[in-house]
Amino acid sequence: MSLAKTYSPADVEAKWYQRWQEQGFFKATVNPRKQPYTIVIPPPNVTGVLHMGHMLNNTIQDVLVRRARMQGKEACWVPGTDHASIATEAKVVAMLKEQGIEKKDLSREQFLEHAFAWKDKYGGIILEQLKQLGASCDWSRTRFTMEPKLTEAVLRVFVDLYRKGLIYRGVRMVNWDPRGGTAISDEEVIPKDTMAKMYHLKYEVVGQPGRFLTVATSRPETIMADVAVAVNPTDPRYQDLAGQRVRIPLLGREIPVIQDDYVAVDFGTGALKVTPAHDLNDYEIGLRHNLPVLDILADDGTLNEKAELYVGQDRFAARRNIVVDLQEAGLLDKIEEYASIVQTSERTGAVIEPKLSLQWFLKMEHLAKPALEVVENDTIKLHPPKFKNTYRVWMENVRDWCISRQLWWGQRIPAYYLPDGSFVVALSEEEALGLAREQSGNSSLQASDLRQDEDVLDTWFSSWLWPISVFDGFEDPDNADINYFYPTNDLVTGPDILFFWIARMIMAGLEFRKEIPFRNVYLTGIVRDAQGRKMSKQLGNSPDPLDLIRDFGADGVRTGLLFSAPAGNDLLYDEKLVQQGRNFNNKLWNAFRLVKGWEADNNLPFANAQAVKWFEAKLADAMVVIDEHFDKFRISDALLTVYKLVWDDFCSYYLEMVKPAYQHPIDAETLRATVDFLETLLKLLHPFMPFITEELWHELAERGPKDYVCVAHWPKATAPADSATTLAEMERTLAIVAGVRNVRNQKNIGPTKQVDLAVKTDAPTEVQAYANLISKLANLSDLSFVSEAPASAVGFVQGSTEFFVPLDMQVDPAAERARVEKELEYAKGFRDSVNKKLGNEKFVANAKPDVLERERQKLADAESKIAALEQALGAL
RNA sequence: GGGAGAUUAGCUCAGCUGGUUCAGAGCAUCUGCCUUACAAGCAGAGGGUCACUGGUUCGAACCCAGUAUCUCCCA
């Protein structure tokens, strides 16, 4: 059998994923003999497709879950999707529009029918894509935030919080998204820097024809909603105008001039038009001065009839038109450009209008306090910890959460209005009717007399329950699953939803189960392109993850993404990364090919004790480091450690040490040790590269029906007794090998040409002990010990030992001399600096003994090296 | 405007309690090699005033103060 030179992932990935599923390895059940390890997936948008952010995020989760599974824990990764009300509804509306159907022509029931049809068609695509990535989720536990049970959980929570007095209904200034046709929460508003225009408008003073008060505004189309002009009471320019009236340009309506501290004297003209319906600050000024509220905007962003002018026009069209009309009327003083921030909707990108409306709110203060505490005292750890600060600031300034949305796709608010306008909140219509009869004292009320609130709940109002609701913790709070799997262990997600989701899950966990929802939060970075730009469809800089998996293999993509993804740092994606990932797979594949090709000969003596012992020590060291990295959630570092272990230590050194000559057999004991090493490496690699490791696991040996690396035991480090000595000796040996190779490179001697090595030392046994290895790795024809430097040789010094490679070519003594002198100079400089330190009384008096001892050792080493170099120089 | 964090090699980042030949890793670069596992490879090499200015200390990439620049969060 001959194995291909390159590894082809496509052939093996689908096969192993199916086998794992058939074996039920991903299924998690309550098992008191095992420690549970739980992750709930951040549920992706049900109609979404996999993007690079998902790839990174889910790779990290899978690495954690697979390692936990191998550690013998009951690993449970719960998958699922989010109904994503605004985003999905927008998609469905767009899809219907393409078919010539307008949302407003449909009833709520008809629309939801379309929406569910859409969800059934496209929902779950993303979960299928995650399987291609290798995600080891327990698919039998797949949940959907809008499925009946989870909807019931949401309604229970709403009713519960309402009865606790934490949910209220009120008129507030909300962020209105005219494109989405709904209010959105503060967290869904994205400020964007823009250049805006400041229009200076002239308001004529009543009774003083020809005198104008100039007001600066960036939104001239809102003047029709003006109810006053405000100036700062300390502003000398406008003292005489307070209490006067001015006329709104074009409209002519009279409004008062008022004084308020809020107005900044040095901004604009120092005179502020007050428009309570369309600006939060103006609203507050209006409250202070008892001003009316005049709302001139319709929900879709057009001007309504109260505006009197430009009725029916979009706000931006109205702005263009009113500027022209103002100019013609001579009421536009000037236009200035200035840098400003415009608030936009996260979901639709539309410019937000502050708008007064009747919404449902959740009081946050009571919920935020304990949620802040558990992060402050590290009961929940954020990785990296710098996010603690961000979290604290937000939690200390948290505002009530606007939870109602003027949409249809979502959980409908369980509030029922009575004919008299009052309302009751209840889980079901029947319950509501009972409450309504009680509340109104009218026992003849019928269900048909009640009208349910039209709004749905914010999507995050279901997501915040996710760690509990996926285990049915609301309908059945004491069930075995939730008691076993909750609190979950680690949560992996992006910092952009720290407040939307993470903070609120913590609140929900503490409120409804009196227990944190997870212990660690690993915050990934954002995947950007090589120039640091965000991945976006418009820029076309986002590769299709499935194309990458096809081209580089799932394992290659997973490792590629992890090479450069420290927690909390953005990942600058470059195809070089996944190439490196693929190359690593190929390296492993070829190491396997080499070992697989060896023939064992039982009659041969064990010839590689040194190499085997050394790699055992190396392996044990690396395992300790890898586990440390994992414990600190340094996933990239863990990968890099095993990467170097495999590539450098195992392939470049160990395999080269034990590799038999071409077509020669290998001794059985070395082969056994090597296969053991390879198996251990496969285990360490499995969380990162599940497919290739499973393939090689089965190629390496005949396996029993349940023997998969996927469920193999995570290896434990067992270092040989004298591993420190072993490592130090081998380090010295490899340095000698590197010295010879360096001479080869300097003198342009190819790797196939054998050379001699002459050693001048007082302690030949140290070198002699490793002579075979040195000869093999450096490709020597002879290793001899000498008392004098051979003629025409290039030398180097290791420790206090001199090495010479005699050459049959002319060696330039001047160049050799210069080289040695340079080295000598460096060594002397080093010695002098150590000497100076040791000569400093204060250092000797204050430094810790081990530091002092180290310095003395350094000095001794330097002295002997200098002696050797001086000798070498003398011989030249 | 307020707050937080960052600045180390061409790039992305480690560097723990101040002390190891401590200035590191990966990638990139350069040189030489198609050496019977791998050119998706092998061997070797070069490359940094640790942002700047002061201070503390026997000793500072690390601690302190200030300056500059960048990023994020909040207004």
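Lettering follows sequence order; numbering is per chain, from 1.
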Undergrad: I'd like to know whether CD of A:Glu825 has more than 12 heavy-atom contacts from other residues, nucleotides or ligands below 6.0 angstrom.
TA: no
Undergrad: Is A:Tyr654 close enough to B:A37 that one of its side-chain N or O atoms is under 4.0 Å from OP1 or OP2 there?
TA: no
Undergrad: Side chain of A:Lys644, heavy atoms from C-beta onward: which of B:G3, B:A25, B:C58 has the nearest atom to it?
TA: B:A25
Undergrad: Would you say the base of B:A28 and the side-chain of A:Gln580 have a donor-acceptor pair closer than 3.5 Å?
TA: no
Undergrad: Before you tell me yes or no, could you show the steps for A:Asp861 and A:Gln857 under side-chain hydrogen bond (donor to acceptor under 3.5 Å, both in side chains), namely the whole-Å CA-CA distance, both residues' side-chain angles and the distance that decides it to 0.1 Å?
TA: CA-CA 6 Å; A:Asp861 290 350; A:Gln857 187 58 48; 3.0 Å; yes
Undergrad: Just to confirm, is there a sub-4.0 Å distance from OP1 or OP2 of B:A37 to any side-chain nitrogen or oxygen of A:Lys659?
TA: yes
Undergrad: By nearest heavy atom, map A:Leu734 and A:Gln857 onto RNA chain B; which one lands nearer the 5' end?
TA: A:Gln857
Undergrad: Quick one: on RNA chain B, does A:Cys651 or A:Phe387 contact a more 5' nucleotide (nearest heavy atom)?
TA: A:Cys651
Undergrad: Report yes if a side-chain nitrogen or oxygen of A:Arg634 is closer than 4.0 Å to either non-bridging phosphate oxygen (OP1 or OP2) of B:G15; otherwise report no.
TA: yes
Undergrad: Under the ring-ring contact (aromatic ring centres under 6.0 Å, His included) rule, what pairs show up with a residue in residues 555-587 of chain A, not counting sequence neighbours?
TA: A:Phe563-A:Tyr643, A:Phe584-A:Tyr643
Undergrad: Just how far, in rounded Å, is C1' of B:A43 from CD1 of A:Ile736?
TA: 18 Å
Undergrad: By nearest atom, which of the nucleotides B:G44, B:G26, B:G3 is closest to the A:Val393 side chain?
TA: B:G3
Undergrad: Are A:Arg582 and A:Asp551 within salt-bridge range, i.e. N to O under 4.0 Å?
TA: no
Undergrad: When the P atoms of B:A4 and B:A43 are compared, how many Å lie between them, rounded to an integer?
TA: 49 Å
Undergrad: Quick check for you: among B:A25, B:A40, B:A43, whose closest atom lies nearest to any side-chain atom of A:Leu640?
TA: B:A25
Undergrad: When you compare B:A9 with B:G48, how far apart are their P atoms, in angstrom units rounded to a whole number?
TA: 10 Å
Undergrad: Under 4.0 Å, counting only non-hydrogen atoms across every strand here, what does A:Glu656 touch: a base, just sugar-phosphate, or nothing?
TA: base
Undergrad: Taking the P atom of each, how far is B:G10 from B:C30, in whole Å?
TA: 15 Å
Undergrad: OP1 or OP2 of B:C42 versus the side-chain N and O atoms of A:Trp647: is any pair under 4.0 Å?
TA: yes
Undergrad: Name the closest nucleotide to the A:Asn742 side chain, picking from B:A37, B:G19, B:G44.
TA: B:G44
Undergrad: Does A:Ser652 make a side-chain N or O approach to OP1 or OP2 of B:A43 shorter than 4.0 Å?
TA: yes
Undergrad: Nearest whole angstrom, please: distance from the C1' of B:G5 to the CH2 of A:Trp394.
TA: 20 Å
Undergrad: Strictly below 4.0 Å, N to O, side chains only: are A:Arg550 and A:Asp547 in salt-bridge contact?
TA: yes
Undergrad: Could you tell me which non-hydrogen atom of A:Val63 sits nearest to which non-hydrogen atom of A:Leu562, and how far apart they are?
TA: CG2-CD1, 3.9 Å
Undergrad: Pick the C1' atom in B:A39 and in B:C33, then give their distance to the nearest Å.
TA: 10 Å
Undergrad: CD of A:Glu855 versus C1' of B:U20: gap in Å, rounded?
TA: 8 Å
Undergrad: Heavy atoms under 4.0 Å, any strand shown: does A:Thr752 hit a base, just sugar-phosphate, or nothing?
TA: sugar-phosphate
Undergrad: Of the nucleotides B:G19, B:A28, B:A45, which one has an atom closest to the side chain of A:Arg854?
TA: B:G19
Undergrad: Grab the CG-P distance between A:Leu562 and B:C27 for me, whole Å please.
TA: 16 Å
Undergrad: Determine whether a donor-acceptor pair (N or O, by modelled atom type, separation under 3.5 Å) exists between the side chain of A:Trp598 and the backbone of A:Pro660.
TA: no
Undergrad: Under 4.0 Å between a side-chain N or O of A:Lys587 and OP1 or OP2 of B:C42?
TA: yes
Undergrad: Under 6.0 Å from the CD atom of A:Glu731, do we count more than 12 heavy atoms belonging to anything else shown?
TA: no
Undergrad: If the cut-off is 4.0 Å, is A:Lys5 near the phosphate of B:A39, judged by side-chain N/O to OP1 or OP2?
TA: yes
Undergrad: Classify the nucleic acid contact of A:Phe830 as base, sugar-phosphate or nothing, counting any heavy atom under 4.0 Å across all strands shown.
TA: base
Undergrad: Taking the minimum atom-to-atom distance to the side chain of A:Tyr662, which one of B:U36, B:G19, B:C27 wins?
TA: B:U36
Undergrad: Regarding A:Tyr826, tell me which of base, sugar-phosphate or nothing describes its non-hydrogen contacts under 4.0 Å with the strands shown.
TA: base
Undergrad: Work out how far the C1' atom of B:A61 is from that of B:A14, and round it to whole angstrom.
TA: 12 Å
Undergrad: Among residues at least two apart in sequence or on other chains, which ones pass ring-ring contact (aromatic ring centres under 6.0 Å, His included) with A:Phe552?
TA: none
Undergrad: Taking atom NZ of A:Lys644 and atom OG of A:Ser652, what is their separation to the nearest 0.5 Å?
TA: 13.0 Å
Undergrad: Does a nitrogen or oxygen in the side chain of A:Asn583 sit under 4.0 Å from OP1 or OP2 of B:G41?
TA: yes
Undergrad: Look at the side chain of A:Asn590 and decide which nucleotide, out of B:G44, B:A37, B:A40, has an atom nearest to it.
TA: B:A37
Undergrad: Using a cut-off of strictly less than 4.0 Å, decide whether A:Arg528 has a side-chain nitrogen or oxygen near OP1 or OP2 of B:U71.
TA: no
Undergrad: Atom CZ of A:Phe499 and atom P of B:C72: how far apart are they, to the nearest Å?
TA: 14 Å
Undergrad: Tell me: CG of A:Asn389 to C1' of B:C73, nearest whole Å?
TA: 10 Å
Undergrad: On a whole-Å scale, what distance lies between the P atoms belonging to B:C62 and B:C52?
TA: 11 Å
Undergrad: With a cut-off of less than 4.0 Å, is there a side-chain N or O of A:Arg582 near OP1 or OP2 of B:A40?
TA: no
Undergrad: Applying a 4.0 Å non-hydrogen cut-off, can you work out what A:Asp574 is touching in the nucleic acid: base, sugar-phosphate, or nothing?
TA: nothing
Undergrad: Between B:A40, B:G32, B:G19, which nucleotide has the shortest distance from any of its atoms to the side chain of A:Asn748?
TA: B:G32
Undergrad: For nucleotides B:G66 and B:A6, find the distance between their P atoms and express it as a whole number of Å.
TA: 16 Å
Undergrad: What distance, rounded to whole Å, do you find between the two P atoms, one in B:G46 and one in B:A51?
TA: 24 Å
Undergrad: Between C1' on B:A43 and CG on A:Asn745, what's the gap in Å once rounded to a whole number?
TA: 6 Å
Undergrad: How would RNA chain B look in dot-bracket form, 5' to 3', counting Watson-Crick and G-U wobble pairs with both distances under 3.5 Å and writing | for bases paired to another strand?
TA: (((((((..((((.....[....)))).(((((.......))))).....(((((..]....)))))))))))).
Undergrad: Ignoring the backbone of A:Ser564, work out which of B:A37, B:U12, B:G5 is nearest its side chain.
TA: B:U12
Undergrad: Regarding A:Phe592, tell me which of base, sugar-phosphate or nothing describes its non-hydrogen contacts under 4.0 Å with the strands shown.
TA: nothing
Undergrad: Separation of A:Leu571 atom CG from B:C11 atom P, in whole Å?
TA: 17 Å
Undergrad: I need the A:Thr693 OG1 to A:Phe592 CZ distance, nearest 0.5 Å.
TA: 12.5 Å
Undergrad: From A:Ile736 CD1 over to A:Phe803 CZ, what is the distance, rounded to the nearest 0.5 angstrom?
TA: 3.5 Å
